[in-house]
Amino acid sequence: MPEFQTSPGMRDVLPPESARWRRFVRTFDETVSAAGYGQVVPPLLEDIGVFHRVGEATDVVTKEMYDFVDKGERHVALRPEQTASVCRAFVQHRPATPWKVWYAGPNFRYEKPQRGRYRQFDQVGIEVLGPDDPLLDVEVIALGWRFFQRLGLRQVTLMVNSLGEPDDRARFVAALHAHFETNIERLTPESRVTLAKNPLRVLDSKRPEDATVIATAPRIADFLGETARRSFSAVCDGLRALDIPFVVNDRLVRGLDYYRLTTFEFVGGTLDSAQNALGGGGRYDGLVEDLGGPDTPGIGFALGLDRTLLACDAEGVFASPASRVDVFVVDTTGGLNALLLTDQLRENGIRADRAYENRSMKSQMKAADRSGAVVAVIIGPDEAESGTVVVRPLRDGGEQSSVSRSDLTNTLKRVLS
RNA sequence: GUGGGCGUAGCUCAGUCGGUUAGAGCGUCAGGUUGUGGCCCUGAAGGCCGGGGGUUCGAAUCCCCUCGUUCACCCCA
């Protein structure tokens, strides 16, 4: 056991998995860039106050933040999510609206690690600030859906709900609170604690003992005002118009406090663990204002990279690409020729690798095979003498041939095309 | 944070009732083939049996602590 290992909840992403991560982000980039979103890269570190505005009642902010006082006596925190940072950036720079941005990167939450739940975890996401239009909600949800489709995922369930406008939500929470209070003796002790902090989240309890009380709890749908109702049905109509399947789940309560009106979640069908939420988001009108900016509507989502990749594994899609080179140079003259040849090939746009330590030809040929190269370029004493190299196909049979070094690049380009 | 499972080679795992030198497959390296990969054969390297303490003549094996991981709760992506 090595003396040093990654801290709990932290891990190394090694090749070839790292290549898959890059492709994941690139696929997301392509999906949302084509919809007019530009990338924003907020810092990992923010004044802790930025995140406190996200909600005083969420564990993410109250219990799970990596926060510390820096050498300048500033109380800062590693970001637990990126929506707050994006809104802070909006307030700070005041870009023209609609401001459509995407991001990708790590977040930090001090939780007990589990598969699909790490202390440093990556998310990709988008945010749109400015427009107050349910059809924008539809666009945002649709982009998330399309992205999952592009990855090849089939078993993703889209759940949508409306939390109503702040007044609706407040009345709903009050009714919920009353309902749970009157049935408090039938709630688990854990849920009683949750009730005191955030009645909404009691709906999230997975303890079977709570199920009956939750089942009879008030429904948000009965508390939506005219505005929220119209908005929500516009969202549902829009999704139907795009042929995007969804289920309305009026028990869907998102974790962060800032959500209003439309909320949604993408749930993986193949992950039967508790970590099956691949991503989620919603409208958060009011967050920009809370951060000291003008009253600005906003909506967005974040998707968990790890969990989504786990779902891809379960469905056997979006496999990690095999990293390979085109050509492998085998040099039994000591290695200097391999140095020169690989450099020459790379400068001509041919991906080339080689072996080191002047190993035997057999050993180098094995390495050539493992490299995935299409052809081996072999140089030994005879070739060095005559200014030639041997070009040997590795994949589809074919005879090896001798070519002069000056013709090598052109020969290879022909063979590889 | 609470509770349960599991930690043996780089990886996946055997290891009987506590018994003498801890094994296999894969992978790696070398050889069989003095200039040629895959398949096959042979060999080698590689282990503080997660760590610490205890019980015992003797511990990978039993007990305690600890660390890591995993599952559920919790939380959430």
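Chain letters run A, B, ... following the sequence lines, proteins first and then strands; every chain starts at 1.
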5'-most by nearest nucleotide on RNA chain B - Pro8(A) or Gly280(A):
Pro8(A)
How long is the line joining CG of Asp353(A) and C1' of G37(B), in whole Å?
15 Å
Lys112(A), nearest nucleotide to its side chain (from U2(B), G35(B), G37(B)):
U2(B)
Without decimals, in angstroms, what is the distance between Glu111(A) CD and C71(B) C1'?
16 Å
According to a strict under-4.0 Å criterion, is Ser205(A) in side-chain N/O contact with OP1 or OP2 of C73(B)?
no
N or O in side chain of Arg395(A) less than 4.0 angstrom from G38(B) OP1/OP2:
no
Mapping Arg392(A) and Gly304(A) onto RNA chain B by nearest heavy atom, which one lands closer to the 5' end?
Arg392(A)
Examine A30(B): is either OP1 or OP2 under 4.0 Å from a nitrogen or oxygen in the side chain of Arg359(A)? Give yes or no.
yes
Starting the side chain at C-beta, find the nucleotide from A77(B), C76(B), G31(B) nearest to Arg117(A).
A77(B)
Per atom distances to the Gln114(A) side chain, the nearest of G38(B), A72(B), U36(B) is A72(B)
Counting only side-chain heavy atoms from C-beta out, which of U2(B), C75(B), U28(B) sits nearest to Arg370(A)?
U28(B)
Mind checking Gly125(A) for me? I need base, sugar-phosphate or nothing, with any heavy atom below 4.0 Å counting as a touch.
nothing
Nearest-Å distance, CG (Asp306(A)) to C1' (C76(B))?
13 Å
Find the distance between CD1 (Ile299(A)) and CD (Glu127(A)) and round it off to the nearest 0.5 Å.
9.0 Å
Do the side chains of Asp331(A) and Arg354(A) get close enough for a salt bridge, i.e. N-O under 4.0 angstrom?
no
Identify which nucleotide among C75(B), G38(B), U70(B) has an atom closest to any side-chain atom of Arg115(A), counting heavy atoms from C-beta outward.
U70(B)
Whether the Asp29(A) and Ser33(A) side chains hold a donor-acceptor pair (N or O, under 3.5 Å, no angle test) is what I'd like checked.
yes
